Amino acid sequence: MVQTAKENSSPNLSFRGTGGDTLVFDIIRKELERQRHGIELIASENFTSLQVMQAMGNVMTNKYAEGYPGRRYYGGCEFVDEVEQLAIDRLKQVFNCEYANVQPHSGAQANASVMLAVLKPGDKILGLDLSMGGHLTHGSPVNFSGKLYEAHFYTVEKESGLVNYEELEQKARTEKPKMIVCGASAYSRDWDYARIRKVADEVGAFVMADIAHPAGLIAKGLLSSPFEHCHFVTSTTHKTLRGPRGGIIMMGKDFENPFGLKDPKGNVRMMSNLLDMAVFPGTQGGPLEHVIAAKAISFGEILSEDYTAYAKQIQANAQAMAKALVAKDYHLISGGTDNHLMLIDLRNKNITGKKAQETLDKAHITLNKNAVPYDDKSPFVTSGIRVGVPAITTRGMKEGHMQTVVDLLDKVLMNIDDAATVKNVSEEVKEFMRQFPLYPELG
Ligand SMILES: *Cc1c(COP(=O)(O)O)cnc(C)c1O
């Protein structure tokens, strides 16, 4: 949607606020400038459209709406009902699925809700090991998922860096988990959902696909779809999907409850009812209807041709970046990427992930240190870094710019103890980024 000049000059968008708390608004302004002049390579980050941000600062934050559209515990819900139903309908269209819940406050909340809906404390779950690219909510001992459930893990193969499906199958058969979780935070390859479903059916497990990272590419058919094979699909809305910070839960098909799971009143229900109840009242109170309004806008954007082009450009940029990195002898786990991110093992460069992240930060190149599979260093130090292209693709970069980004990154890493060079690169980065304006309407 095209913004009019009038809207763009509204106080709500100046980021200076109208209430006089200049202390906070000045800090927000500094964050805007930081985002503007840096190269953002954090694979989980992105820049929403202006209208998505606009929707997040609106009067719906004032509204309590416990329940679901048409079934609320408070009066005055006719407009939040309208916006939430629109978000649900658009999301179903985005993924061509039968069920969608747009209320989870975050990706972690979405996963917690699905687990609460179908598992009992002490049940077994099987997920990808955190140190191999998995996520905290897939059974880590420091997370609810590892404290409430008995977590078992599969890994990636040391040589290929690919998910070890044989091990996954073997652990599924010996442990007989109630749920197998697939999806990851630092895995650059596609998933074989059909193969996972096959063993799940054999042992009587649910399959949950957490597509928090690659959701945007899946939405556009650029990666295989989990919907026909996995019982539940969860995602964040703020990574490749480029919406506001939040979570979602979906099912390709709203199926009859196969194991006769009961709701708290002892009734066997459709899976959609169990999921809705697990979000509210199970794990959350009032939904963030202002954020749901922003989700509705971003789902509308995803349905557009522009977003299709964007998703394709992400994949093209990731390919170009991988090629440029490999040409400079950077070791990519699994040798490349199918999606929007790559994991780089820096051991052949004799640099730790921590040192790389901290030094690149000084050059305004932002990324995160990341454990590589079978890492010999602690999670605070790590041997690797994770890089992703969704944010720089939103900035307008194309394949040809990936070489420049890699050159700048490499210059820092090859001169990691040379403060003067790092400083020079920071100036080069700022200069380079001037050709990709970010939120010019904000002045
Ligand atoms: C980012 C991520 C999450 C968590 O999302 P939050 O919104 O930060 O809670 C869950 N699962 C995976 C695989 C993720 O990458």
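The structure presented is a predicted model; accordingly, all values stated were derived computationally and were not measured. For the single chain, residues carry numbers from 1 onward in sequence order. Both ligands and their constituent atoms are indexed starting at 1 by order of listing.
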In ligand 1, which numbered atoms sit nearer than 4.0 Å to a non-hydrogen atom of [X]?
X: Ala108; result: 4 (C), 5 (O), 6 (P), 9 (O)
X: Ala184; result: 13 (C)
X: His213; result: 15 (O)
X: Ser185; result: 12 (C), 13 (C), 14 (C), 15 (O)
X: Asp210; result: 10 (C), 11 (N), 12 (C), 13 (C)
X: Lys239; result: 1 (C), 2 (C), 3 (C), 14 (C), 15 (O)

Practice item. Search all heavy atoms of Met250 against all heavy atoms of Phe227 and return the closest pair with its distance. Key: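 Of all heavy-atom pairs spanning Met250 and Phe227, the closest is CB-CE2, 3.7 Å.
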Relative to the ring of [Y], is the ring of [X] parallel (under 30°), tilted (30 to 60°) or perpendicular (over 60°)?
X: Phe255; Y: Phe232; value: tilted
X: Tyr439; Y: Phe47; value: perpendicular
X: Tyr193; Y: Trp191; value: parallel

Practice item. Carefully, step by step, assess Ile180 and Met208 under the rule side-chain contact (heavy atoms from CB on, under 4.5 Å). Key: CA-CA 6 Å; Ile180 301 175; Met208 177 173 92; over 6 Å; no
Practice item. May I ask you to check if Lys349 and Tyr330 form a cation-pi contact, with NZ or CZ under 6.0 angstrom from the six-membered ring centre and within 45° of the axis? Key: yes
Return the closest protein heavy atom for [atom] as residue, atom name and distance.
atom: atom 8 (O) of ligand 1; result: His238 NE2, 4.5 Å
atom: atom 3 (C) of ligand 1; result: His135 NE2, 3.2 Å
atom: atom 5 (O) of ligand 1; result: Thr236 CG2, 3.2 Å
atom: atom 7 (O) of ligand 1; result: Gly107 N, 2.9 Å

Review point. What residue among Ile302, Leu303, Ile297 forms side-chain contact (heavy atoms from CB on, under 4.5 Å) with Phe299?
Key: Ile302
Check your understanding: Between the main-chain N or O of Ile314 and the side-chain N or O of Asn317, is there a donor-acceptor pair closer than 3.5 Å?
Key -> no
Check your understanding: Heavy atom of Gly247 under 4.0 Å from ligand 1?
Key -> no
Review point. Does ligand 1 have an atom under 4.0 Å from some heavy atom of His105?
Key: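 No, that is not the case, since the closest heavy atom of the residue is not under 4.0 Å from the ligand.
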**Study point:** Salt-bridge criterion met for Glu358 and Lys354 (N-O under 4.0 Å)
**Key:**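 Yes, charged N to carboxylate O under 4.0 Å.
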Review point. For ligand 1, is there an N or O atom under 3.5 Å from any N or O atom of Gly183?
Key: no
